[in-house]
Amino acid sequence: MGSGQLNGNVNGNGNGGGGGGGGDGVTTTSGSSSNSNSSCYNNSWLCKWRWPQQQQQHVAKNNNNSNNNNSLKGGGGAGFGGRRLVLSSSGYFFVVWCFVVYVFVGFLYGWLALKKPYTVAAGLSSFGCQEDSEGSWSIGVFFGNSPFSLKPIETANVWRDDSAAWPVANPIMTCASVSSAGFPSNFVADPFFYLQMSLLNQELVDSSEKVLGGCTHVVGCRQYFPSQWIELRLMFPAAILFDFSLMKMLLGLCKNSYLGPNKLWIVSLRTSKDWSQGNDLYLFYETKNSITMQGDIGVAKSVDKGATWQQLGIALDEDWHLSFPYVFDYHGQIYMMPESRAKGEVRLYRAVNFPLEWKLEKIIMKKPLVDPFMINHDGQYWLFGSDHSGFGTTQNGQLEIWYSSSPFGPWKPHKKNPIYNGDKSLGARNGGRPFVYDGNLYRVGQDCAESYGRRVRTFKVEILTKNEYKEVEVPFVFEASNKGRNAWNGARYHHLDAQQLSSGEWIAVMDGDRALSGDSVQRYILGCASVAAVGILVVLLGLLLGAVKCIIPLNWCAQYSGKRSDSLLTWERESMLCSKVRRFCSRLNRSASYLQGKIKPNTSIGRLVLAVIFVAGVALTCTGVKFIYGGNGADEAYMWKGHYSQFTMLTMTFDARLWNLKMYVKHYSRCSSVKEIVVVWNKGEPPKLSDLDSAVPVRIRVEKQNSLNNRFKLDPLIKTRGVLELDDDIMMTCDDIERGFQVWRQHPDRIVGFYPRLVNGSPLRYRGEKYARRHKGYNMILTGAAFVDSQIAFNRYWSEQAKAGREFVDKFFNCEDVLLNYLYANASASKTVEYVRPAWAIDTSKFSGVAISRNTQVHYHKRSECLRKFAEMYGSFAGRKWEFGGRKDGWDL
């Protein structure tokens, strides 16, 4: 017999006959046979959805004829009900179907939006620059007249011709530069300068003469050089960098020397060849090894004031994490005190063979101090650090001080310890080397309120004694970037080492990150949450369509009467939590029934709700894919031959295209390598700078004449050699712009752009990009989206040779880009253009209705005339053709 007849509790109007055949009605069973109800999936939903009503009726009629036979055989589900069971043999068909749909959507989104249509630039170690939850820290160099007026190296306008870095820009060191040198690194941080001081001469000064001499007392002064210096100006025009105690000692020795009481000795100190005499600038930093995933201490050397760095290798590698490599001089020796918190000690290393060989000199403290530094102040050595191991200690909000007569100890705790233990934003955790300015000592701390290492803060130390400590915060004026994640330090900067050069200028090194701490983990969690939300929407969609009967499996609910083991039943009776969970599941399923009753899929409102749920699922799927596989969302700059650089963007527009300009400035000013945007205003009232949302300076150059020749006008205010000529109606990704700039730096003598053309035929005809691709080559690049060398391009365009061409451009009000291509081709027999394929590009003039060339055929006809005219003036393009796909990186496919 069928199970339905055994229980005798069948209610419904289905066509399944007497046996449990399961028509379209609702079947209620009791006893142990109700196990079938523990499924949340309605097996009849698929058949209702796929089979026409007429076919169902026909098959049901045939089933009624054999109903008695099925009852006798206990096969009540053998008729149409049996076939239905076969068609939906998996009750999870609906979930699988939704899974396939959303996976396809996610794959399509990832392919279109996240997959780059080109290969990544080669040259990096396959192990380096892996995504790390600690961040993607890099290091930059800054200059200023004081430690409170620091500006990035790009403002110093330092040029390096071999890498086309005009100018050199921050960051000067990244995980890529370290990894490409053979030391796989995920990030570089905690930088410390070591300025190697040297005695070059001793100058004997009195009121009437200056005599060069050799006071033997001064020879040993390097043994007493501490790591901190102050500036002192005496009665004669000379600057001496001394510690107070050392200055008193030297002046006493020299006054009492055999040279006479009326004569003073002055020690001249210089660093790295006064930046020209042969000394080197060293940079010690933490590098997180991509293989061992622990911090090591790396070292690099510069001989050009920090613009170029040679990676020397790993200076210190232990079996535990190392960071914060504080380097200083003491008694003629060079010492390093890195953070060894993982070891639970403060260890002092001495350079055996500077800078790569170090020997443990002494363990000066058995405490896991974080970011410790040491300073000589008023005859005492002071050790600052944070101990996060104590009970009740606030992570990143604690600071302690110790003092001693020697760097080797013994160290005694300050009476006021802990100096801080509370608010993370107060700058308690050290953020670099302290410095002395105008005779005052300053400490650098980290603000860790929003995130670890969010920013540095500076504090003026007013009292530092064994019993008292007082510091007050002073404003740290720093030219921070507004480019967000596209800036190497757009999210945080947590370490500063500022030192004064003998010239009086200050040089500083600072690290920075484009994302907050734990960004990769947060993105992964958000991505998984988005995927989970899609699963919830799938269940909701199934409930409304009738494919899913319940939200929670019925055997989890309080009303479930199926078989359970005796031990499970005993545990459930004794467990209040289990009972509460079952009651909650029951209520949740009742709410599902309520929802099914309120929203009918066959109504217009029901269809709208279903559509909204489906679209929400699509949006959440794309969000999840972006968070999990899309990276940190930054369009980073590309390094070339160890340097980053910057370029100027130039666009030409007029009053009717103000909408395009606003969108243009807001988007491109956030690109990493953009230094300035120059707007060539040809007609109408120019906008106010306050109307433009820009992360970089914007300069509006108002022209007297509305001429296309203004695009290439000589402009002495442009400070970069690289100029991107980009029309204000072209929108593309910052990554495309950065790739174009990278290629231009490799070939600065060429026009490098994104719109290729092939000029050939007799007579010459102007055609679009499709023609060039059909003929597998190009010989012209449109300068409406191209990089040029401002010194080369602008001078050529405004040369006497180009005068006739410029007049023709004014006459036709067209073809200025064609003219520049002819001038480049006329100047060289080698390749003069280079193509870079953008991931995508949008012409926004189509939306604003202010396109200059609305009639394509007329526009092409004019440009064909330009080609023939310029060929007469400057020669033909015949024989010039370069194939697509010639680059190894695949950027020109």
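Quick note: numbers below take in every heavy atom, side chains included, and nothing from hydrogens, waters or symmetry partners. This structure is a prediction, so every number in the text was calculated from the model and none was measured.
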Pair Arg806-Lys803, side chain to side chain contact (heavy atoms under 4.5 Å, CB included): steps then yes or no: CA-CA 5 Å; Arg806 295 196 303 272; Lys803 182 177 180 180; 3.8 Å; yes

Should we count CZ of Arg767 as having more than 12 external heavy atoms under 6.0 Å? yes

Can you tell me how far apart CZ (Phe870) and CG (Asn826) are? Round to the nearest 0.5 Å. 12.5 Å

The reported gap from CD1 in Ile139 to CE in Met510 (rounded to nearest 0.5 angstrom) is 12.0 Å

Scan side-chain atoms only and decide if Ser672 and Asn486 contain a donor-acceptor pair under the 3.5 Å cut-off. no

Going by distance alone, is a donor N or O of one side chain under 3.5 Å from an acceptor N or O of the other, for Asp161 and Trp159? no

Pair Lys483 + Asp635, salt bridge at N-O below 4.0 Å: no

Ser290 and Asn186 side chains, donor-acceptor separation under 3.5 Å: yes

Are Phe741 and Tyr638 close enough that their ring centers fall under 6.0 Å? no

Can you tell if the side chain of Arg745 reaches within under 4.5 Å of the side chain of Ser163, non-hydrogen atoms only? yes

So, the side chain of Arg863 versus the backbone of His859: is there a donor-acceptor pair under 3.5 Å, distance only? no

Quick one: do Lys719 and Glu676 make a salt bridge, cutoff under 4.0 Å? no

Apply salt bridge (Lys or Arg N to Asp or Glu O under 4.0 Å) to Arg492 and Asp519, showing your working. CA-CA 12 Å; Arg492 50 182 177 159; Asp519 177 73; over 6 Å; no

Looking at Met731 and Trp840, what are the two nearest heavy atoms and their distance? O-CZ3, 3.5 Å

Any chance you could lay out the side chain to side chain donor-acceptor pair (under 3.5 Å) test for Asp736 and Thr733, step after step, and finish with the verdict? CA-CA 5 Å; Asp736 289 333; Thr733 67; 3.0 Å; yes

Going by heavy atoms in the side chains, are Cys866 and Phe808 under 4.5 Å from each other? yes

Classify the ring geometry of Phe142 against Trp488: parallel below 30°, tilted from 30° to 60°, perpendicular beyond 60°. tilted

Taking Asp729 for the side chain and Asp843 for the main chain, is one N or O donor matched with an acceptor at less than 3.5 Å? no

Determine whether Tyr493 and Phe478 make a side-chain contact, defined as any pair of heavy atoms from C-beta on separated by less than 4.5 Å. yes

Met173 to Ala300 - nearest heavy-atom pair and separation: CE-CB, 3.7 Å

Less than 4.5 Å apart, side chain to side chain, heavy atoms only: is that true for Pro167 and Ser645? yes

Nearest heavy-atom pair of His747 and Val752: which atoms, and what distance? O-CG2, 4.2 Å

Flag side-chain contact, heavy atom, 4.5 Å: Met780 against Leu867: yes

With side chains defined as the heavy atoms from C-beta onward, is the minimum distance between Lys862 and Cys815 less than 4.5 Å? no

Mind listing the closest non-hydrogen atom pair of Trp681 and Leu661 along with its distance? CZ3-CD2, 3.9 Å

Side chains of Asp162 and His643: is there a donor and an acceptor less than 3.5 Å apart? no

Could you grab the distance from atom CG of Leu708 to atom CG of Asn682, nearest 0.5 Å is fine? 7.0 Å

When you measure from the centre of the six-membered ring of Phe812, is the NZ or CZ of Lys869 under 6.0 Å away and within 45° of the axis? no

Specify the closest pair of heavy atoms between Arg837 and Arg739, including all atoms of both residues, with the distance to one decimal. O-NH2, 2.6 Å

Output, in order, the C-alpha distance, side-chain angles, deciding distance and verdict of side chain to side chain contact (heavy atoms under 4.5 Å, CB included) for Val680 and Lys713. CA-CA 10 Å; Val680 179; Lys713 191 174 182 179; over 6 Å; no

Does the side chain to side chain contact (heavy atoms under 4.5 Å, CB included) test come out yes or no for Tyr771 and Arg765, once each step is laid out? CA-CA 11 Å; Tyr771 177 82; Arg765 286 184 57 194; over 6 Å; no

Any chance you could measure Ile677, atom CD1, to Thr651, atom OG1, to the nearest 0.5 Å? 9.0 Å

Contact between Pro748 and Trp166 at the side-chain level, heavy atoms closer than 4.5 Å - yes or no? yes

Counting only heavy atoms not in Lys151, do more than 12 sit closer than 6.0 Å to its NZ atom? no

Electrostatic pair Arg699-Asp715, nearest N-O below 4.0 angstrom: yes

Roughly how far apart are Gln705 CD and Lys683 NZ, rounded to 0.5 Å? 13.0 Å

Between the CD1 atom in Ile700 and the CG atom in Leu689, the distance rounded to the nearest 0.5 Å is 5.0 Å

Answer yes or no: is there a side-chain heavy-atom contact under 4.5 Å between Thr783 and Phe712? yes

Whether over 12 other heavy atoms sit under 6.0 Å from Tyr860 OH: yes

Compute whether any side-chain donor of one residue and acceptor of the other, for His861 and Gln857, lie under 3.5 angstrom apart. no

Please report the closest heavy-atom contact between Tyr778 and Glu883, naming both atoms and the distance. CE2-O, 4.1 Å

Under the side chain to side chain contact (heavy atoms under 4.5 Å, CB included) rule, what do Ile737 and Leu726 come out as? Steps first, then yes or no, please. CA-CA 10 Å; Ile737 299 299; Leu726 186 64; 4.3 Å; yes

Mark yes when over 12 heavy atoms from residues, nucleotides or ligands other than Lys626 sit less than 6.0 Å from its NZ; otherwise mark no. no

Quick one about Asn709 and Tyr797 (side-chain donor to acceptor, distance below 3.5 Å, no hydrogens or angles considered), yes or no? yes

Tell me whether Arg757 is salt-bridged to Asp817, with the criterion being a basic N under 4.0 Å from an acidic carboxylate O. no

